[in-house]
Amino acid sequence: MSLWFSRDEFSDEERGILHRYFTNVEGPVFALVNLPEVVKGALFARYSRTPKSIRRLFLDEFAEQVEERAGTAAVGVERAEKLYDRVFFEYGDDSVAQLGGVHLACEQASQLLAKALEWGRLAAYLEQSTRYMRYDDKPGSRWRSTTPAEIEGTDLQGPFEAFLDTSFGIYRRLFEPVQAFYRELFPKDPADSDFVYSSTITAKTCDTLRDLLPAATRSNVGIYATGQSYEQMLLRMRAHPLQEVREYSDLMLVELRKVIPAFLKRVDIDDRGVAWTNYLRETRERVEEAAGKALLGMAAEDREEVTLADFDPDGEVKVVAAALYAASDLPDDQLLEVAREMTAEERADMLRAYVGERGNRRHRPGRAFERTGYRFDVLCDYGAFRDLQRHRLLTLEWQRLTTRHGYELPPEIEAAGFLRDWEEAMEASAAMHDEMNAAGHEEAAQYAVAMAYRLRFVMQMNAREAMHLAELRSSPQGHPVYRRVAQRMHDLISRVHPAIGAVMTYVDHSSVDLERLEAERRTEAKRRARDASDG
């Protein structure tokens, strides 16, 4: 194992407690065992807003409340293992592997690894957030970052770690002054508590400065998935071009086999998982070679931040036909002709009836809205991409992270007088990226790219998912960049399918200064109401 990880210090008593509930006490990857499901979920829910590891968080906040059990439910385990061997491994009944799930913690993962972990659709993920956490401390006397295994022990390791000192150092240097700038720009409302105001200003500061951080910045990721999903995840990770991802797949396999060994027997068998992994790797390499030849000498044309690359001109007609389907006994193609003969206003009326009176953005229409779709090409900063990438029900592909598309500059940075600091961080990122690239480390060079740099990616989704994404990501508490992307997507949908765009009533096009303020106010109101009822 070439990657360095910081370690929590535990007393002998604490280690004794942890061994009952975690598959290991030392490594960055471990499964949660012998705990009620609600406790596992609560632990992962805390990931987004705490710098603590799950094991330390468990000791500090949960251990006293968890009842110790006098043993484990081992009855029938041997028989069950034999059954799974026969049905799943011998007969290949993959659906059986959907019936066993595991909560797995993957800590100290770079941003690149986190995105590789979160690629699969059929799993639940919760990630430590750069929006609510400061990254100016040095656990284990090192920044919260990964030095790529590809350059460990080479002439590039020293310059890369010096680059980390520059990037994180600027982040640390600017945090208090930028926070003070926001306090002056947005004075406290006397009606707000100190906690609400402080939380909002801190979130605004983190939102602004997170783009200084490189893709090497570490995060903690909590995963809940079935055996089948973990198998697919590991096969992909074992074929990944980055060594960090491949090494984590080995760590994950060890821990998962402590909990659901029967579901993962195929992963490292030559004619099963190994052959599958080889296929994935060889296909990727062949496509890269063929693309290099086909696109030789071509340069990217200028595009807007969000481009509607493809849509169906008959989309509204098809959605109306699909809305009629379950309420009729007519065949699908006949309903399509009925919808085509309607006027635009009649179709709009039908869509309004199908959508109904929505009480909030969670009230979404049925699957008729899956009858048409949109393909968007997006070029926005990597920090915003990380949030948009979590929409797994759509099809999302992204290109290699580079510095060639330029970077985002928050307007407040220049207004506060920190433009030169920002430029220094961007220049250091570009220089390190280019140096690694020139040395032949094209994949590993991504670790050096600051999250302010833009990434090109495509998002293809049906109208139902588009409603969910545009309404959720445009909400006032969202990050300014992905709010802008979501608002533009809605504009483009409304331009080609006005009736569909019109029923996306919870898309928020307002301008917001303190994104988290109203959300923090609502949270505090709920907290006070709960405390009052408890009292």
Side-chain angles (χ1 to χ4, degrees), residues 92-95 98 119-122 228-229 232 283 287 303-304 306-378 388-397 457-474 485-507:
D93 191 349
D94 286 8
S95 61
Q98 298 171 10
W119 188 89
R121 286 190 177 101
L122 300 180
Q228 185 182 48
S229 295
Q232 295 297 311
T283 301
V287 169
R303 291 290 185 273
E304 298 292 331
V306 182
T307 303
L308 180 57
D310 191 28
F311 72 98
D312 185 349
D314 288 334
E316 288 190 345
V317 171
K318 293 177 178 178
V319 171
V320 168
L324 291 168
Y325 189 85
S328 77
D329 57 3
L330 301 181
D332 194 51
D333 61 329
Q334 185 178 353
L335 290 172
L336 192 61
E337 290 305 314
V338 171
R340 204 181 302 279
E341 293 299 319
M342 289 180 173
T343 66
E345 185 54 38
E346 287 172 334
R347 286 193 292 268
D349 287 342
M350 184 64 216
L351 290 180
R352 283 192 289 268
Y354 185 76
V355 171
E357 297 294 329
R358 302 175 65 206
N360 57 62
R361 64 173 175 79
R362 293 174 178 82
H363 296 171
R364 288 186 291 275
R367 290 189 170 178
F369 270 61
E370 297 173 11
R371 187 65 172 83
T372 194
Y374 312 95
R375 186 175 176 90
F376 295 99
D377 189 72
V378 184
L388 294 169
Q389 186 262 350
R390 297 186 183 124
H391 290 263
R392 296 179 303 280
L393 291 184
L394 47 74
T395 296
L396 190 146
E397 292 280 1
F457 58 101
V458 68
M459 303 182 79
Q460 184 171 326
M461 67 198 84
N462 60 49
R464 193 167 190 263
E465 178 65 10
M467 173 183 283
H468 167 63
L469 186 151
E471 293 184 340
L472 173 64
R473 294 303 177 183
S474 67
V485 170
Q487 291 163 350
R488 183 57 179 157
M489 285 180 172
H490 181 239
D491 288 340
L492 292 169
I493 290 171
S494 299
R495 184 178 300 175
V496 298
H497 292 157
I500 291 177
V503 297
M504 298 181 181
T505 50
Y506 286 93
V507 178

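Checked by atom type and distance alone, the side chain of Tyr506 pairs as donor or acceptor with a backbone atom of Arg358 at under 3.5 Å. Arg361 contributes no side-chain N or O that, together with a main-chain N or O of Val507, makes up a donor-acceptor pair within less than 3.5 Å. Proximity of a side-chain donor or acceptor of Gln487 to a complementary backbone N or O of Ser474 within less than 3.5 Å is not detected. A donor-acceptor pair is defined here as one N or O able to donate and one able to accept, closer than 3.5 Å; no such pair exists between the side chain of Tyr354 and the backbone of Val319. In this structure a side-chain-to-backbone donor-acceptor pair under 3.5 Å is present from Arg392 to Arg390. Side chain of His497 to backbone of Asp312: a donor-acceptor contact under 3.5 angstrom is found. Side-chain atoms of Arg347 come within 3.5 Å of backbone atoms of Ala339 as a donor-acceptor pair (strictly under, hydrogens ignored).
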Given Leu469 and Met504, is the side-chain contact (heavy atoms from CB on, under 4.5 Å) satisfied, shown in steps?
CA-CA 10 Å; Leu469 186 151; Met504 298 181 181; over 6 Å; no
After noting the C-alpha distance and the side-chain angles of Ile493 and Phe311, does the key distance pass the side-chain contact (heavy atoms from CB on, under 4.5 Å) rule?
CA-CA 9 Å; Ile493 290 171; Phe311 72 98; over 6 Å; no
Give the C-alpha distance, both sets of side-chain angles, the deciding distance and a yes or no for side-chain contact (heavy atoms from CB on, under 4.5 Å) between Gln389 and Leu396.
CA-CA 7 Å; Gln389 186 262 350; Leu396 190 146; 4.1 Å; yes
How far apart are the C-alpha atoms of Phe376 and Val485, what are their side-chain angles, what is the distance that settles it, and do they pass the side-chain contact (heavy atoms from CB on, under 4.5 Å) test?
CA-CA 10 Å; Phe376 295 99; Val485 170; over 6 Å; no
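Pairing each heavy atom of Ala470 with each of Ala486, the nearest pair is O-CB, 3.9 Å. Counting all heavy atoms, side chain and backbone alike, Leu388 lies closest to Met459 at O-CE, 3.7 Å. Shortest non-hydrogen contact noted between Ala499 and Glu316 is N-OE2, 2.6 Å. Ser494 approaches Gly501 most closely through the heavy-atom pair OG-CA, 3.5 Å.
Residues passing the side-chain hydrogen bond (donor to acceptor under 3.5 Å, both in side chains) test with Asp491: none are found, sequence neighbours excluded. Shown here are the side-chain hydrogen bond (donor to acceptor under 3.5 Å, both in side chains) partners of Gln460, two or more places apart in sequence or in another chain: Arg375. Under the side-chain hydrogen bond (donor to acceptor under 3.5 Å, both in side chains) criterion, Arg364 pairs with His468, not counting sequence neighbours. Partners of Arg352 under the side-chain hydrogen bond (donor to acceptor under 3.5 Å, both in side chains) rule, at least two apart in sequence or in another chain, are Glu345, Asp349.
If you take CE on Met467 and NE2 on His490, they are separated by 8.5 Å, rounding to the nearest 0.5 Å. The distance from atom NE2 of His363 to atom OG1 of Thr505, rounded to the nearest 0.5 Å, is 11.0 Å. Between Asp314 atom CG and Thr372 atom OG1 the span is 8.5 Å, to the nearest 0.5 Å. In this structure, Tyr374 OH and Met489 CE are separated by 12.0 Å, a value rounded to the nearest 0.5 Å. Atoms OG1 and CZ, on Thr307 and Arg488 in that order, are 8.0 Å from each other to the nearest 0.5 Å. In this structure, CG in Asn462 is found 12.0 Å from CZ in Arg371, a value given to the nearest 0.5 Å.
Side-chain contact between Gln232 and Leu122: absent, with no pair of heavy atoms (C-beta onward) separated by less than 4.5 Å.
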Residues 325-332 side chain polar contacts: donor-acceptor under 3.5 Å, at least two apart:
from	atom 1	to	atom 2	distance (Å)
Ser328	OG	Leu324	O	3.3
Ser328	OG	Tyr325	O	3.3
Ser328	OG	Leu330	N	3.4

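Applying the salt bridge (charged side-chain N to carboxylate O under 4.0 Å, His left out) test to pairs two or more places apart or on separate chains, none has a residue in residues 492-501.
Atom CD of Glu304 has 12 or fewer heavy atoms from other residues, nucleotides or ligands within 6.0 Å.
In this structure, Asp377 does not pair ionically with Arg303, as no charged nitrogen and carboxylate oxygen lie closer than 4.0 Å.
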